Amino acid sequence: MTIRTARPNRVQEFRPRMHCLKKLEAFVVEMQDPKNGVKGSDQKLNVTTIPHVLAGNAIIAWIANKMKTTTEEANVFGTMLVAYGYIYPLENHRKLVMCNDASLYRFQAPYFWPSQKWVPQDSDYAIYLAKRNIRKKGMLEPYEEAHYNHLHEWLNHKWDFIVMQAAEQYKAGRDRMKPDRVVFDCQERAFWIVNRPPRRTHSALECVPERLLDPNVEEKISFDQHRRMHIFYQQAIMRSKVKSSVSIGALVKYITTYKNHDPFLAPCLPSNPWQTDNDSYWTLNMRRVEVPTKMRVERWSFSLFELLTDLRGRDDFKVFLKKEFSGENLAFWEAAEELKWGTASSMSAKAETIFKTFLAPGAPRWINIDGRTMGLTVKGLEHPHRYVLEAAQTHVFMLMKKDTFFRYLKSPTYKDIQKKAQNPEAHNFSPAQLEQNACNRSPGIDPIILWQQEEEEKAKAAAASAPVDVKAMMSKIDRKK
Amino acid sequence: MCDQTFMAATFGPCDNCSKASPLMNIYIKTEAINYCSFCMEMMACQGLQKGETLVSLKRESDTLKKKLEEERAKLNDVELHQVAEKVEVLGALPIKTRRVLKGHGNKVLCMDWCKDKRRLVSSSQDGKVIVWDAFTLNKEHGVTMPCTWVMACAYAPSGCAVACGGLDNKCSVIPLSLDRNENLAAKKKSVAMHTNYVSGCTFTNSDNQLLTSSGDGSCALWDVESGQLLQSFHGHTADVLSLDLAPSETGNTFVSGGCDKKANVWDMRSGQNIQSFESHDSDINCVKYYPSGDAFASASDDATCRFFDLRADREVAVYQKDSIIFGATTVDFSLSGRLLFAGYNDYTINVWDVLKGTRASCLFGHENRISRVRVSPDGTALCSAAWDNTLRIWA
């Protein structure tokens, strides 16, 4: 069932957003400059001579020279000129690409150029097809016949007008000289291939669901929109900003830190599975490996966010916290995350459990936060909302980030895992081995199975751990639903 | 991480109506107050006061806009390319097509990776949504949606479901199954309801919430289980074409880009538009956060991609070339943030050096415009979806 939208069918009314048309037109005009443009010649086609015919390789060479780009890029640009309908091929008229060889092309008449202001209507297309039908019955290709029949049906009310126009145009065409007529027919056919492309033809003017905003119309802003803009600008002005040197410095630092971990910049060990068809890289970095890789362990040290996002790292962090008997902060953070991202219906139950476990006076895993935050949070819990723990969660996270995390990095737990971590040897496959790999690609494990396994592990951990593992309890509440 | 949103008070009693709800931090004159979204709307829609006219309001808007530009310019003490001079030049990038995924019968409009780094979901114009194991080229699941132009699709973080939506104005969640013969369409569940086409969707940090953007000019956050609208985001004055969730530890903000040439940053908790960037000359087709969450990039029909720094609150780079005149439709960063992959309407993918602003490479191969590029979760590969009915994996 499709829900019909209230807006009008804009496809027939305006062509939105062809921001590139102006530049394209200017470029095409330069290409046709008699002195400095692309050099064409006359070509004999059947019995007529067609003027100003260009070879694909000549066009591409001209573009490459003019734009100072490689031949490949010039070829791409040439193809776009054909796809937009500024240039059309004389042979293979249904394939809208520019070939870097002696294939023949011609410039399209400006009358037929794509325009933002005028969109060819279905009635125009009907007239064109009817005209060709008049000229010679059975001249239409199957896809054109299908269009013709469809248009005949839904434009039936206008059909007399369409046939009359088609007849007029056909008569006018007969009055032209033969070479002109041949050229015009080619141009018109090219125009309709671009605007009503047959299947498997890639045209740049293909119909898309249109965007609602008409770029040719000036926007009218109402008074309440102005008020909203004022509110926005005022808070944006008062918002504290950071000096560019500081913020850009941080962006650059991020890149430098992660440089060696980016598979596009540094080789991943043992090898990139997509390049060698060997998935050891993924198996060595799975969720629950006994021994993580050195790169993975190094990444944990970049930020608390990295450490917590990688569940294997989070496990290691928990080991450290258990030794310090300070696991409640992380447990609270995890519980708050479960609340924030949980289902709407589970809010109250979770909020209550969290209160009882972490916030109530004398709670088994009482977290140490400042009085003001505690007060706000407890009050908010009277009407639980998914963001009710934001203040407390932020406080706890900052504590972990500024203190606990750094102690972890200096701890024997971390140093231990750093030492144990493995550094796999880089693969060195011969071409024959690579071919073998390509035939034996491992299917891996379905993510659904991995998820089920993860849930089982969580349940086991919940049963085994003391004090109560709140995260597992949260998941249990979710699963009960 | 944007420290500001992290620390702001966003839940508590509204200063106007005292109801406990998510709060917007705004200013009346220069006084900081916290209003709930309803009270803010009421304030905005108040009838014209004495002495106020549409012209005077417009004048105030222009004055405030100029003041914001001045404030931004005050902290503009260095340009990106200046800082980038100290960074070493990129080496050659030997990126090649490693897989071509054939199977869609029509234009592929969207794709998303699964967290397992090898599976992905793709949707196309003929309503088909396919889940592939891109590594082995197996098609694992296939669903036919009852509408054409499925413009948005997303893989759930657990790997157990996918979401998709498009011209049906809805976004539906389809749970996946281990039984290959099961009819997945039967278990499809409508979650989001918009009044116009759905242009983008993403799950948040869990399978339970869905964030969508729509042609009706709004974005919305939904509870998957109940279909309840949790928060809506209004501020764009035209179709919203894209959105992206911040990768920061707090996960509280997202950015959206639309046909009004603006890229807006939103606080998910209160629905407040906290930052806005308006420097493109045409529709913004795609927005994507920088891996650290402190910046984002946008791709537009004006043939440029731009880089915006959130902490400095300004545009810091424009990626453009005289020879590139066709619109950019999609962008994504590599894992370190050094490379920006951008797909264009001229069937190519340009790889930009984010710091130096130069083009590092150009990837050819597709035969029609690129609709989406996405780097895999571990950064090992790039997937591109195009209107030539195929997807390609590059590494």
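Convention: sequence-line order gives letters A, B, ...; per-chain numbering from 1. Owing to the predicted nature of the structure, the values given are computational and were not obtained by experimental measurement.
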Open item on the list: Side chains of A/Ser245 and B/Asp77 only: does a donor on one sit below 3.5 Å from an acceptor on the other?
Closed with: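 Result is yes, a qualifying pair exists.
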
Between [X] and chain B, with a heavy-atom cut-off of 4.5 Å, which part of the residue counts as in contact: side chain, backbone, both or neither?
X        : result
A/Arg199 : side chain
A/Arg200 : neither
A/Ile448 : both
A/Asp277 : both
A/Ala438 : neither
A/Phe77  : side chain
A/Glu382 : neither

- [ ] Would you check if A/Leu389 and A/Lys340 make a side-chain contact, meaning some heavy-atom pair closer than 4.5 Å?
- [x]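 They are not in side-chain contact.
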
Open item on the list: Taking salt bridge (charged side-chain N to carboxylate O under 4.0 Å, His left out) as the criterion, tell me which of B/Glu41, B/Glu52, B/Glu60 meets it with A/Arg227.
Closed with: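 Only one of B/Glu41, B/Glu52, B/Glu60 forms a salt bridge (charged side-chain N to carboxylate O under 4.0 Å, His left out) with A/Arg227, namely B/Glu52.
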
Task: Test of ring centre spacing under 6.0 Å for B/Phe135 and A/Trp282 - done: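 Yes: the rings meet the under 6.0 Å criterion.
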
Open item on the list: Can you tell me which portion of B/Ile393 sits under 4.5 Å from chain A's heavy atoms? Options are side chain, backbone, both or neither.
Closed with: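 The side chain, not the backbone.
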
